[in-house]
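I have placed the structure first, in the form of structure tokens, so that the comments after it can refer back to it.
Naming convention: chains lettered A, B, ... in sequence-line order (proteins, then strands); numbering from 1 in each chain. This one's a predicted model, so the numbers in the text were calculated from it and none came from an experiment.
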Amino acid sequence: MIYEVKTKEDAPGALFVGVSLPGFPEIMANGGTEMLSSLYGPYVNADKGSNDLSLKLTWASLPAVPAEREKIATLVANIKVNLLAAPMMKAIQGLEATPPKLGSPIQIPYRTDGYMWVLTAPDVLTVGFSVSFKDPQDQPLARIFLNEFVASQHDTKLAGAPRANVFFTRPGELAGLDYRAEGIMAYVFFAFNKQRHLAGATREKTLSMVQTFRNYFQYHLKCAKAYMHNRMRSVYQSSVESLNRARPETVMKAGTRGVSGKLLKKK
Amino acid sequence: MAGKTPIVIDAGTGYTKLGYAGNLDPAHIIPTVVATRDTSKETTLRRQPGLEDLDFYVGDEVNAHKTTHLPMFPIRHGQVEDWDLMERFYEQALFKYLRCEPEEHLFMMSEPPLNTPENRELLAEVMFETFNVKGMYIANQAVLALAASSASNEHAPRELTGTVIDSGDGVTRVIPVSDGCVIPGSIKSIPLAGREITRFIQEFQREREPGVVPPEDAMEVAKNIKENQCYICRDLVREYQRYDAQPDQYFMKYQGQQNITKRPYTLEVGYERFLAPELYFNPEIFSTEYSTPLPDVVDATILSCPIDTRRSLYRNIVLSGGSTLFRNFSRRLQDAVREKVDARVHRNEELTHAKVTPIEVNVLAHPLQKFAVWSGGSILANQEQFVRMCHTKEQYDEVGPSLCRHNLTFTSAC
């Protein structure tokens with residue numbers, strides 16, 4: 001995701017916010033266009049330059065009330081959240097229609113090395129992510145974390161949470177889709193219940209939280225690594241200390257040279 | 001997609017400046033403090049593993065969790081003292097504040113003028129092994145400050161040679177830099193800086209109008225006065241006379257409000273407006289132990305440098321840090337240093353009867369002075385050559401931490 005915020009000399013009083021995101025065409029094809037026209041309609045700039053999308057805010061057209069202005073600023077800042085939520089919103093609309101319309105799986109390559117999938121089943125919206133770690137030392141750690149997800153399915157304390165499924169091989173749901181499977185360690189799917197997680201005010205929270213999965217996974221992994229480094233350092237330090245204590249004291253004999261180079265005398 | 005923007009991090013004793021290269025100001029300025037429960041120091045494993053690895057707070061959040069977590073400062077006097085804490089600090093700095101994927105970015109890190117190679121190795125270990133960064137360059141703070149001045153001031157020379165006067169909160173340093181390399185033997189430091197100025201104003205207020213400022217606000221009020229109403233005068237005696245002749249023109253009012261009761265209070269700001277920043281030129285007002293004025297230190301520093309660099313060091317004296325922002329600072333310093341240099345040249349001419357080419361003395365103020373180190377990093381990291389100068393992850397895997405003991409030097413700022 002790359003943002004480009006700038007002003008132009010030939011357009012005084014206007015602020016341009018450019019956004020580039022991998023997978024932008026896929027998002028636009030799956031509900032992005034509708035989302036943009038409903039939320040960002042008056043701000044979308046036709047001349048997008050080298051970016052995927054450009055928003056134009058003119059000073060004169062902004063409302064005078066500071067609180068209203070802040071709302072617009074928050075809206076613009078949330079562009080990434082809203083873009084990624086657009087395919088999910090489209091799927092939810094399908095679920096809520098009577099009779100429910102279950103679309104085919106949507107695939108969004110939201111990173112150069114990562115995919116997001118949106119699947120629908122009756123009353124359930126499933127959002128999946130591919131997990132890949134380039135660093136060979138991160139991979140075993142990530143595997144431990146993923147197994148923790150599997151174990152959490154049986155945890156009674158997490159009964160209200162959306163169910164997380166982890167597959168280490170290509171799951172059947174993605175059978176018809178075309179994507180680069182090399183380098184993908186695992187597939188994590190979160191299943192959201194229509195009534196419990198997607199109704200009313202919780203929906204917005206759910207949709208923005210699920211997007212942070214990858215970032216939080218990365219952050220937690222790095223924290224775990226750093227924590228282990230800390231532990232290793234302190235264990236090492238304490239072992240060195242006990243080794244030092246175990247070392248027999250060397251007794252200086254008369255006739256040897258001391259630190260200052262002087263010969264030690266017999267007492 | 002084009003390459004990702006490099007990230008610039010300037011970790012200081014008080015505040016850490018974070019941001020993306022190419023911007024003029026840092027995106028985040030957060031206090032360098034980490035609050036932990038400190039379970040990692042235990043050597044025995046706990047029975048029930050939980051989320052100890054996430055149980056810490058950094059920056060501004062620390063204040064809210066003081067009761068349960070112990071705030072600790074990983075950096076002392078510019079040097080990182082506790083790498084365990086620093087590693088945790090960077091975790092949140094990268095993922096929470098910058099929200100970046102460290103594997104995709106190049107990093108420009110700053111180091112204090114007299115950093116040890118071991119510290120550089122430790123930094124490399126943290127960055128490459130914990131965060132798997134794509135590449136990293138460690139730059140000296142003085143060089144970055146010089147780069148910021150050079151790029152933002154059209155009168156400044158393009159090459160990275162000059163004397164940097166870095167005055168932050170704790171200490172004032174005079175650092176000569178020649179062609180992008182610090183001359184380590186000649187660095188001089190003065191133990192007086194911004195904190196002393198604040199304390200001076202605070203005491204001044206307390207003596208003249210006792211009980212007006214609520215004690216819990218005294219520090220903040222003094223800081224405000226320092227930042228907004230203080231300036232450097234040309235001549236102390238003349239300034240005193242001017243204030244006494246027209247007090248209503250020069251004495252200012254400070255309006256404040258008590259934090260809890262909302263009681264407003266007003267206090268007068270007088271002589272301290274020009275007296276407080278005199279710290280640099282008449283340190284004997286402030287301290288009994290230290291009495292060498294800044295111009296003398298600058299002169300002595302340059303004279304201790306190799307003889308072929310001295311003229312260019314006098315020509316480009318650069319200011320950096322928040323405490324150099326006083327109005328007329330550069331002019332007063334320039335006049336004082338020039339006076340000393342001219343007197344010496346004159347004396348030399350008298351003794352040898354030979355004509356000496358006059359020595360040019362320039363003290364440069366520039367618009368990026370406040371965050372000069374970060375801005376300089378941002379400018380250098382935005383250059384095309386930066387990519388070539390970084391140590392990459394592949395090289396690190398091949399060589400190990402000793403790779404980062406040495407970093408190539410930049411030759412020019414633009």
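Here Glu101(B) is the residue among Gln92(B), Glu103(B), Glu101(B), Arg99(B) with the most heavy-atom pairs under 4.5 Å with chain A. Between chain B and the options Lys222(A), Lys134(A), Arg233(A), Gln237(A), heavy-atom pairs under 4.5 Å are most frequent for Lys222(A).
Between the side chains of Asn51(A) and Ser20(A), a donor-acceptor pair is found at a separation under 3.5 Å. For the residue pair Asp55(B) / His69(B), a side-chain donor-acceptor distance below 3.5 Å is found, with atom types taken as modelled.
Judged by the 6.0 Å and 45° rule, Arg120(B) forms no cation-pi pair with Trp83(B).
Neither the backbone nor the side chain of Lys96(B) has a heavy atom closer than 4.5 Å to any heavy atom of chain A. Only the side chain of Phe56(B) comes within less than 4.5 Å of a heavy atom in chain A; its backbone stays farther off.
Counting heavy atoms from C-beta outward, Asn132(B) and Phe133(A) have side chains that stay 4.5 Å or more apart.
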